[in-house]
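No experiment lies behind these values; they were computed from the predicted model shown. We count ligands from 1, going down the list as the structure has it; atoms in each ligand are counted the same way. Residue numbers count from 1 along this sequence.
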Amino acid sequence: MAGGGEKKSKANATGGGKKKEVKKETGLGLSYKKDENFGEWYSEVVVNGEMIEYYDISGCYIIRPWAMSIWETMQKFFDAEIKKMKIQNCYFPLFVSPTVLQKEKDHIEGFAPEVAWVTKSGESDLEVPIAIRPTSETVMYPYYSKWIRGHRDLPLKLNQWCNVVRWEFSNPTPFIRSREFLWQEGHTAFATKSEADDEILELYRRIYEEFLAVPVIKGKKSELEKFAGGLYTTTVEAFIPNTGRGIQGATSHCLGQNFSKMFEIIFENEKGEKAMAWQNSWAYTTRTIGVMVMVHGDDKGLVLPPRVASVQVIVVPVPYKDADTQGIFDACTATVETLCEAGICANMDSRDNYSPGWKYSHWEMKGVPLRIEIGPKDLAKNQVRAVRRDNGAKVDLPRSSLVERIKELLDEIQESLFVAAKQRRDACIQIVKTWDEFVEALGQRKMILAPWCDEEEVEKDVKARTKGEMGAAKTLCSPLEQPEIPEGTLCFASGKPAKRWSYWGRSY
Ligand code: 87F
């Protein structure tokens, strides 16, 4: 099918009886409801909200300006923060030679089916096929080996913003699981044992909570779920109440000396002895945007937190019959100017081929946090009407104190999106002590906090015992902030003494 993606056409074909009234009236609106068909709702909302266009290669998506600007906002924040930490940006090639890729063979083994290869140039076969990076350890670390000679070369702290390709086979979803995605990957090397980077994990938390208004839990991955190449993995975990699934939001690995052994990242320490570097790596991806859409979006479309919205305020003129149309348009123009001068991202929708009602639906679909309407009555009273996207609340504001009030409103929206999302997430958290309670909570799509013996075999057993149509349960993380474990607390699954609290559930 030309230019069409798998999901989009399906959405159009199977819309059936669930079409909403608004769609008939305006040609806008969504055919699926978030609570009724979450998967189709999500596909529709990212397309109709103009974030994504489907592409003719499955699992690949066009990121449109409306979504790219969100990525750029997060990138600007994160990039400035890591520069304060003396982390430097660089760029390594997209292509990996097979010999270098093989170097990491122990843990590449499980990942091998996902590696994409270039085998031809034009009509002729390449002498040696070339892999496309799924991650850049094997690309970067040979050069770390070359550049790190003495202890004065350390620490080496590099980051790159780039795309990676992982040829996923299960259920491609825009932002959440795509075959090509954007990320930053940080790779640091130190002279002494480094811990997985707490500072970076805190930046990831801030991206989710302060920018995307999505609550996350900082935690440590289990042995089964960690990156096999490292000593341990930390994570920020989000939760999608509608599907009852946890989702890894970003990750930071303590690699120990595993890679420096493999790649011979060896330096002479202060005593003149040979030593191996200690390493961390960490990443967050465009998945962040998908999580935000899933958490905040509603039946009218996207709901963007003000801090990441490229348009924070949309001003819509509401002319009426023979009222002073020019006066209304001038008031709109002046309002946009005033707001922009104050650093608020405001725009006017001055198109004359659409009605105000159509424009309301359009900007609601795109998730703009605040709408300002100016009609004849507002003009006469020297006021504007502001309408919140998150809760539909309407308030009339005098033009004299507009900037302060709009700033307050945007802050309030940002805050209340987070509070509401946290309430919904927390309502899904269930503390369980026994297997029966666990099974019941899983059936209710909960994010389960349970005392655990922290044994790999027991997690494998839980997976096996919960296998089914919806997918097995696994650990999401052990929260870094651990509730107390009273003496004698037993593991919910094995009955052995519990070592720590862990979150469990189905996941993306
Ligand atoms: C897919 C294909 C080949 C994940 C893969 O998390 C290799 C891999 O090594 C692979 N999928 N991984 C693990 C990535 C680990 C690590 N890399 C740097 C990160 C953070 C950034």
- [ ] Go through ligand 1 atom by atom and flag the ones less than 4.0 Å from a non-hydrogen atom of Thr251.
- [x] 6 (O)

Open item on the list: As an exercise, identify every atom of ligand 1 less than 4.0 angstrom from a heavy atom of Glu114.
Closed with: 1 (C)

Task: Parallel, tilted or perpendicular, as decided by the 30° and 60° cut-offs, for the rings of Phe227 and Phe259 - done: parallel

Open item on the list: Is the ring pair Phe92/Trp147 parallel, tilted or perpendicular, if the boundaries are 30 and 60 degrees?
Closed with: tilted

Open item on the list: I need the nearest protein heavy-atom contact for atom 17 (N) of ligand 1: residue, atom name and distance, please.
Closed with: Glu137 OE2, 2.6 Å

Task: Among Lys226, Arg166, His253, closest by any non-hydrogen atom to atom 4 (C) of ligand 1 - done: Arg166

Open item on the list: Considering both backbone and side-chain atoms of Trp282, is one of its nitrogen or oxygen atoms within less than 3.5 Å of a nitrogen or oxygen in ligand 1?
Closed with: no

Task: Pi-cation contact, Trp452 with Lys499 (under 6.0 Å, within 45°) - done: no

- [ ] Determine, stepwise, if the pair Lys33 / Glu44 fulfils salt bridge (Lys or Arg N to Asp or Glu O under 4.0 Å).
- [x] CA-CA 10 Å; Lys33 289 195 169 171; Glu44 208 181 5; over 6 Å; no

Task: Pro134: numbered ligand 1 atoms lying under 4.0 Å from its heavy atoms - done: 1 (C), 2 (C), 3 (C), 7 (C)

Task: For ligand 1, the portion of Phe227 having any non-hydrogen atom under 4.0 Å away - done: side chain

TODO: Say whether Glu185, considering both its backbone and side-chain N or O atoms, lies within less than 3.5 Å of an N or O atom on ligand 1.
DONE: no

- [ ] Measure up the Trp504 and Phe492 rings against each other and bin them: parallel (under 30°), tilted (30 to 60°), perpendicular (over 60°).
- [x] perpendicular

TODO: Can you establish whether the number of heavy atoms outside Gln444 located under 6.0 Å from its atom CD is more than 12?
DONE: yes

Task: Closest protein heavy atom (residue, atom, distance) for atom 20 (C) of ligand 1 - done: Ala283 CB, 3.6 Å

TODO: Can you sort out which atoms of ligand 1 are near His187, meaning under 4.0 Å from one of its heavy atoms?
DONE: 18 (C)

Task: Subset of ligand 1 atoms that lie under 4.0 Å from at least one heavy atom of Trp183 - done: 21 (C)

TODO: Taking the six-membered ring of Phe211 (Phe, Tyr or Trp), confirm whether the NZ or CZ of Arg307 is under 6.0 Å from its centre and within 45° of its axis.
DONE: yes

TODO: Side-chain contact test, heavy atoms from C-beta onward, threshold under 4.5 Å: evaluate it for Leu101 versus Val115 and give yes or no.
DONE: yes

